[in-house]
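Data block below; observations after.
Residue numbers start from 1 in every chain, and the chains themselves are labelled A, B, ... in the order their sequence lines are given, proteins ahead of strands.
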There are 2 protein chains.
Amino acid sequence: MDEDTLTQALSRAETLCAQRGVRLTPQRRRVLELVCRAERPVGAYELLDQLRDGGPAAPPTVYRALDWLLEQGLVHKLETLHAFIGCTHPEHPHASQFLICDGCGGVKELEDKAIAGSLASVAAESGFRPSRPVVEVIGTCSDCAAKHGKD
Amino acid sequence: MDEDTLTQALSRAETLCAQRGVRLTPQRRRVLELVCRAERPVGAYELLDQLRDGGPAAPPTVYRALDWLLEQGLVHKLETLHAFIGCTHPEHPHASQFLICDGCGGVKELEDKAIAGSLASVAAESGFRPSRPVVEVIGTCSDCAAKHGKD
DNA sequence: AGCGCACTGTTATACTGTTTCATCACGGTC
DNA sequence: GACCGTGATGAAACAGTATAACAGTGCGCT
């Protein structure tokens, strides 16, 4: 995320939190910034190392901030990577899907109605009430496919 | 999994491995048995404890067996739970989806064409080549919804 | 016998996440 | 101002998950 996009994302987060009446404290803001600044998904301990540049910090610090940011939908957790990324459209609650390239480590966030729909309908058939759908597709992005295809 | 189903599953696994020319060694067979015998998803260290009833064992032992069983499609890994379950239809390679109840811990394995299809098509749109789709829906199963609904 | 290969054993370590308790800052109330 | 409840932070220890690295074993092959 470039500097402009980052600034925008942070101010959007400020606005959202103000609207919701929740507190985007300096710690949480700092963690959000670190997550967004990274181009790739970042691990909790990677964030912790960066937090430590500004003073002492322990694992619960970063996990608390991340939990809160997850609740607010400002970041997503990638279960298959044990890592976090900034949400690209935090304005509304949504069920995202992720395309994760194991070549370059890049992640694309999608919000596809067809996938969400078919998930909802199979769940409904089973009488299952979904609370958190996790959809992560590991594979190779077009760039990496092009590169490695030539090898 | 009851005793009969277990016996069937194990002999099916034997047959499959024979056909494929791969070795379902005693260790692997034992781990497969332990995974299938459990009604719920089992963690690696839980399996390890059970393996230890029959002699000393270390983490790499169980992880190696699990990795191999995953490759062969005889077990699945639930990323959101860090746990493993026996595959209900290992005969053919397939992209499964899982409904995971956070009330009772039960898991239902699905193989829904609509979901697989919409995943494949959004991936195709992005030029993304999927290798391992992970679809796990956390929520409440009908039984647990009925129970807790009354509370 | 000597070699390669797949499988296993063993030790240690890295990485990920939680529990627990103490402390601090802020807002409301008397 | 003094009191108190609540949410946020700090700090130490620990629990759970996974891998690295290297040695040993058994088996088929030439």
Exercise for the section: Report yes if some heavy atom in the side chain of Pro59(B) is under 4.5 Å from a heavy atom in the side chain of Leu48(B); otherwise report no. Expected result: yes
Practice task
Check every nucleotide of DNA chain C for an atom under 4.0 Å from a heavy-atom of chain A, then give the first and the last such nucleotide from 5' to 3'.
Solution key: dT16(C) to dT19(C)
Fill in the blank from the handout: Here the gap from Glu14(A) atom CD to Gln19(A) atom CD, rounded to the nearest 0.5 Å, amounts to 12.0 Å
Fill in the blank from the handout: The reported gap from CD1 in Ile100(A) to NZ in Lys108(A) (rounded to nearest 0.5 angstrom) is 14.0 Å
Practice task
Going 5' to 3' through nucleotides 5-18 of chain D, assign each nucleotide B (protein heavy atom under 4.0 Å from a base atom), S (under 4.0 Å only from sugar-phosphate atoms) or - (no protein heavy atom that close).
Solution key: ---SBBBB----BB
Handout entry: Cationic N near anionic O, under 4.0 Å, Arg40(B) to Glu46(B)
Key = yes
Exercise for the section: If the plane angle is over 60° it's perpendicular, under 30° parallel, otherwise tilted; pick one for His76(B) and His94(B). Expected result: perpendicular
Practice task
For the residue pair Glu79(A) and Thr80(B), confirm or rule out a side-chain donor-acceptor distance under 3.5 Å.
Solution key: no
Problem - Least distance between heavy atoms, Asp112(B) atom then Ile115(B) atom - result: OD2-N, 2.9 Å
